[in-house]
Amino acid sequence: MHRNGPTEDIDESALSVSAPKEQAAGVTAVAVSLKRAVDEMGVIRTARTLARVNQVHGFDCPGCAWPEPTGHRRPAEFCENGAKAVAEEATLRTVTPEFFAAHSIDELAGKSGYWLGQQGRLTHPMVLHPGDTHYSPIEWDDAYRLVADHLGALASPNEAVFYTSGRTSNETAFLYQLLVRSFGTNNLPDCSNMCHESSGAALVSSIGIGKGSVSIDDFAAADLIIVAGQNPGTNHPRMLSALADAKSKGAKIVAINPLPETGLLGFRDPQTVQGFTTGVSIADDFLQIRLGGDMALFQALGRLLFEAEDRAPGTVVDREFVDAHCAGFDEYEKHARAVDFDAVLVATGLTMAEIERTAQRFAESKNIIICWAMGLTQQAHGVATIEEATNLLLLRGMIGKPGAGVCPVRGHSNVQGDRTMGIWEKMPDAFLDALDREFGIASPREHGYDTVDAIRAMRDGRASVFFGMGGNFVSATPDTAVTEAALRTCALTVQVSTKLNRSHVVHGKTALILPTLGRTDEDLRDGLKQQVSVEDSMSMVHLSTGRLKPVSKHLRSEIAIVCDLALTLFGADHPVPWARFRRDYDTIRDAISRVVPGCADYNTRVRARNGFVLPHPPRDSREFRTGTGKANFAVNELTWTPVPEGRLILQTIRSHDQYNTTIYGLDDRYRGVHGGRKVVLVHPEDITALGFAEGELVDVISEWTDGTERSVEGFRLVAYPTPRGNAAAYYPETNPLVPLDHVAARSNTPVSKSVTVRLERARHE
Ligand SMILES: Nc1nc2c(c(=O)[nH]1)N[C@H]1C(S)=C(S)[C@@H](COP(=O)(O)OP(=O)(O)OC[C@H]3O[C@@H](n4cnc5c(=O)[nH]c(N)nc54)[C@H](O)[C@@H]3O)O[C@H]1N2
Ligand SMILES: Nc1nc2c(c(=O)[nH]1)N[C@H]1C(S)=C(S)[C@@H](COP(=O)(O)OP(=O)(O)OC[C@H]3O[C@@H](n4cnc5c(=O)[nH]c(N)nc54)[C@H](O)[C@@H]3O)O[C@H]1N2
Ligand SMILES: [Mo]
């Protein structure tokens, strides 16, 4: 069967806007997911594939990192957007050497990311030599030789950068970091640097481990669940089922968000019979907070909790927990009691009544979970904000007991596992020591570049080889013009990819595309089926087995690519058994079991029905491995994001029809935006106050503290119920507006959720 992608690119003039939807999922979601899947894969492949998503003997959904239920799994344990993620990968459309012969790089660079991604799966390794106008095919061995020669020619291993996106399996991640450290650098930036790095930094400092402390079963036992800075209806739809279930057992749910996101306010579970007919309102309360206002809210809640304790001593502060397990309580109490409510009201845009109501819920609830995602992490004071949320839980003794805890909801399906396996530019020495002992190598100890520092290094000529294990670096990173220029200075850029994206057409002097198997593809070594493993957002590790016939016989697994490259680079007598690892993935897992903490007996435990859960000392035994040996209350100066006169604060978000930089379609159904993506959502009164009319085309110009400006052109103004002074637009179209130096304190995460902008009437109609 031959299928072709769309030949037409996006026509933004076809954009239409309708009222936002009040309910998520339901019958439409099922219909949409099946139609997308059949378009891409045909009926038979669709049936075979969707039946295996997130099943015990199936493959892990490449969508998000939300866990699978541990008990009964429903026949369809996926959601509309998981089905789209699967269809995107399992598509039968292909991008062949003939495709590259027919389209020059210049032509492809003029296409949208949507058009590029829709062309289909990459089928053959391709190379672009200096001066070439088109990619041409290359044999695998020649491709490895080319990479090895470039790496060998560098004056220092630190002149190479090795990026990872969070789709990569545990086994690939482990071998990849081993290759990079054997080569001699810790330059391992990853998508996590742009994602939950702020969560990791805050939680390590507060509770001694950068991962969430709840499991899926805790949701059913909670009586208060806070969902802050997160849009689960689109990005973690299966979470809505857990929330609806918790609600049916009596939990109250509070959504904190500048936008009234559809899934949180209404939900029809397509998996239940009632779901087809009636919906539930998930959130019991919706606090429509200003961008960047959460830290002020959490500090105010702290003060109100102390005042509630004064009124009824011994009922609010969990003295026993605080005395036994925490440090820094007195300083926190002193600081919290002095919080200035006037400042809080300005920062949050909330009323005192809303804040008091929430404080009362906190004071009365026995089991509290706080969930969050990018709305909190991609803020200048994101780390401090997450510490303040954690302070509230510590105060109430909510860590390390059923039904309570911190829940950073991860993005990419294996982003958490990649970190566990050593993908980090500053992995602790204990991990590196274990690696050196196992393999007889000498890992470098000097910290490497994270994502933002990697861009700076390429820009400044301190790095000249870029290697991407998945992802779409050029489109995912901030300050697009700077990043594109930085990549173009490189001597070599290499992308290990499943699908075509902009990072293939914005390239170094020499460029390689190495096509790889995805999660759904069958991976055979010497005729034997191989499996990989992944870790979800709640530290559950399990196997994933692809079963689809790959679209091309030239595809190699990521593991094979890493091992072959290592063999070319280091030769056959290297102390690491690369050839054995390549042949049998069980041998990789044996090595993991000896190196990675908590992974003893990995091969056996990962094969258990639901896999196994990694240790988490605060969750398991209220043990806090911080500098003080206790959970730390943090004291932070109140910080928020004021709106300068005549300006707006812009957040960059995902539509319902995309996976990060992969654009599935042009239908942000829940927000009522159809047929295009170049929109900016602004409060109707701001549209008028700034002298514009709804539907007008504007240029959006960002202003940075050093006086520089950045702009994107021709965005349609959409009146939307966002707070006054705040605006929203889609990522990655608005990444050019995010200054490279606009990063969160202590995590270096790009601040994608608070960019100061002004609007101007569009120069080009
Ligand atoms: N279908 C689909 N699923 C995905 C993804 C995808 O692109 N598509 N991406 C995956 C990845 S990598 C990730 S990281 C996650 C992302 O999951 P989310 O974090 O849900 O994604 P965003 O679209 O960035 O949405 C941010 C949310 O935070 C709110 N917000 C923004 N600023 C603030 C603030 O200052 N305070 C508060 N309280 N709220 C704020 C926004 O209004 C929005 O609802 O999803 C994962 N799952
Ligand atoms: N302005 C703004 N910028 C952001 C964000 C934001 O909210 N606003 N969010 C940030 C976040 S949270 C994240 S996580 C990053 C995401 O950054 P990335 O992870 O770099 O981006 P993706 O779009 O997920 O990468 C998609 C590409 O991955 C490749 N791919 C897919 N599956 C596989 C696979 O199995 N193996 C391999 N080797 N390749 C594969 C395909 O070629 C596809 O084109 O973006 C960040 N950037
Ligand atoms: Mo992410």
Side-chain angles (χ1 to χ4, degrees), residues 62-66 79-82 84-85 88-89 113 116-117 121-122 163-169 172 190-196 227-237 255-259 261 264 287 289-294 297 372-379 382 385 409-415 451 468-478 495-504 514-521 558 561 641 649 651-662 664 722 726 728 730-735 737-738 749-750 752-755:
C64 70
W66 188 256
C79 63
E80 174 190 347
N81 279 344
K84 288 185 201 163
E88 176 79 18
E89 181 175 299
L116 294 174
R121 286 286 295 268
L122 296 157
Y163 177 69
T164 316
S165 165
R167 280 276 175 96
T168 301
S169 67
T172 305
D190 70 343
C191 67
S192 199
N193 299 143
M194 299 179 269
C195 187
H196 268 292
V227 182
Q230 203 200 332
N231 179 19
T234 286
N235 297 312
H236 304 90
I256 305 174
N257 202 306
L259 302 181
E261 302 283 28
L264 282 172
L287 304 186
I289 198 163
R290 289 196 175 128
L291 286 170
D294 304 81
L297 171 64
W372 70 89
M374 298 304 101
L376 299 199
T377 63
Q378 297 173 342
Q379 296 288 357
T385 301
V409 181
R410 302 276 162 185
H412 263 302
S413 52
N414 199 41
V415 62
T451 294
M469 179 55 77
N472 181 2
F473 192 82
V474 160
S475 297
T477 47
Q495 308 288 346
V496 179
S497 312
T498 52
K499 309 271 305 249
L500 191 62
N501 65 44
R502 191 157 173 84
S503 298
H504 303 121
L514 305 181
T516 190
L517 297 174
R519 203 63 72 71
T520 53
D521 294 316
E558 293 175 337
I561 294 171
T641 311
I649 304 298
Q651 62 157 329
T652 61
I653 47 172
R654 295 154 172 81
S655 86
H656 192 64
D657 221 2
Q658 72 182 84
Y659 193 91
N660 299 336
T661 71
T662 297
Y664 301 136
T722 173
N726 288 174
Y730 299 130
Y731 136 71
E733 285 79 356
T734 46
N735 287 40
L737 298 176
V738 186
T749 294
S752 306
K753 297 291 190 270
S754 281
V755 181

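Note that ligands are numbered from 1 as they come in the structure, with each ligand's atoms numbered from 1 the same way.
Within ligand 2, the atoms closer than 4.0 Å to a non-hydrogen atom of Val496 are 37 (C), 38 (N), 39 (N), numbered from 1 in the order shown. Here is the list of ligand 2 atoms found below 4.0 Å of a heavy atom in Thr516: 36 (N), 37 (C), 38 (N). Here is the list of ligand 2 atoms found below 4.0 Å of a heavy atom in Gly470: 37 (C), 38 (N), 39 (N). Interface of Ser497 with ligand 2, defined as ligand atoms under 4.0 Å from a residue heavy atom, comprises 39 (N), 42 (O). Within ligand 2, counting atoms from 1 as listed, the ones closer than 4.0 Å to a heavy atom of Tyr163 are 17 (O), 18 (P), 19 (O), 20 (O). The Asn501 neighbourhood of ligand 2 comprises atoms 27 (C), 42 (O), 43 (C), 44 (O), with distances under 4.0 Å to a heavy atom of that residue.
Put simply, the side chain of Lys499 gets close to the backbone of Gly117: a donor and an acceptor are under 3.5 Å apart. Side-chain atoms of Thr516 come within 3.5 Å of backbone N or O of Glu558 as a donor-acceptor pair. Not a single donor-acceptor pair under 3.5 Å links the side chain of Asn231 to the backbone N or O of Glu261.
A distance limit of 4.0 angstrom between heavy atoms and ligand 1 selects the residues Cys64, Asn81, Cys195, Gly229, Gln230, Asn231, Thr234, Asn235, His236, Ile256, Asn257, Pro258, Leu259, Glu261, Ile289, Leu291, Gly292, Asp294, Ala373, Met374, Gly375, Gln379, Gly411, His412, Gln651, Ile653, Arg654, Gln658, Tyr659, Asn660, Lys753.
When heavy-atom distances to ligand 2 are checked against a 4.0 Å cut-off, Gln495 has no atom that comes that close, whether in backbone or side chain.
Exactly one residue among Asn472, Thr661, Thr477 makes a side chain to side chain donor-acceptor pair (under 3.5 Å) with Ser503. That residue is Asn472.
Of the polar atoms of His504, none of the N or O atoms is found under 3.5 Å from an N or O of ligand 2, judged by distance alone. For ligand 2, the polar-atom distance check against Leu500 finds no nitrogen or oxygen pair separated by under 3.5 Å. For the pair Glu558 and ligand 2, the shortest N or O to N or O distance falls below 3.5 Å.
Side chains of Thr520 and Glu89: a donor-acceptor N/O pair is present below 3.5 angstrom, by distance only. Side chains of Thr498 and Arg167: no donor on one and acceptor on the other come within 3.5 Å. If you check the side chains of Thr234 and His656, you find a donor sitting under 3.5 Å from an acceptor. No donor-acceptor contact under 3.5 angstrom links the side chains of Gln378 and Thr749, judged on distance only.
At a threshold of 4.0 Å, the pair Lys84-Glu88 does not count as salt-bridged, since none of the basic side-chain nitrogens sits closer than that to a carboxylate oxygen.
Between His412 and Tyr659, the distance from one ring center to the other falls under 6.0 angstrom.
Taking the side chain as every heavy atom from C-beta outward, Leu264 and Pro232 approach each other to under 4.5 Å.
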